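Nothing here was measured: the structure is a model prediction, and the numbers come from that model.
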Amino acid sequence: TGQRCTNTRRLFIQRSLYDESVSILEQLLRQFMATQASDPENAYGYAVLIDEDGYRRFEAAKAKAQKEGGRIVMGAKLESPAGVYRTEPALVLLS
């Protein structure tokens, strides 16, 4: 149907607001994730990647961000049944 999952890729934050903005964003993401924890198999807040190749691309993007000086704050793989690749939403900080 032509659907595509696309989320915010980048936020440009004024330096004087950076620390406060990142703190609020991380807090809101973690609160959202906590609301999903009661039913993780059906929780829409967890990213479900299409297949192992999608998961590898996700991991490669995080590794590239780290190599370029980024700090991974969120984006861990979650325990899943075999063949299901679920992750936290990724939050990567580059300054």
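Atoms CD and CD1, on Q66 and I72 in that order, are 4.5 Å from each other to the nearest 0.5 Å. Atom CD of E52 and atom CZ of R56 lie 4.0 Å apart (nearest 0.5 Å).
Put simply, V92 and L11 are part of two different groups of oily side chains (I, L, V, M, F, W, Y) that touch within less than 4.5 Å, one to the next. Criterion: ILVMFWY side-chain heavy atoms under 4.5 Å apart, direct or through other members. Under it, L91 and L94 are not part of a common hydrophobic cluster.
S21 pairs with exactly one of L25, L17, I24 by the side-chain contact (heavy atoms from CB on, under 4.5 Å) rule, that one being L17.
Under the salt bridge (charged side-chain N to carboxylate O under 4.0 Å, His left out) criterion, R71 pairs with no residue, sequence neighbours left out.
Side chains of I13 and E20 form no contact here, defined as non-hydrogen atoms less than 4.5 Å apart.
By the 4.0 Å N-to-carboxylate-O rule, E59 lies close enough to K62 to be salt-bridged with it.
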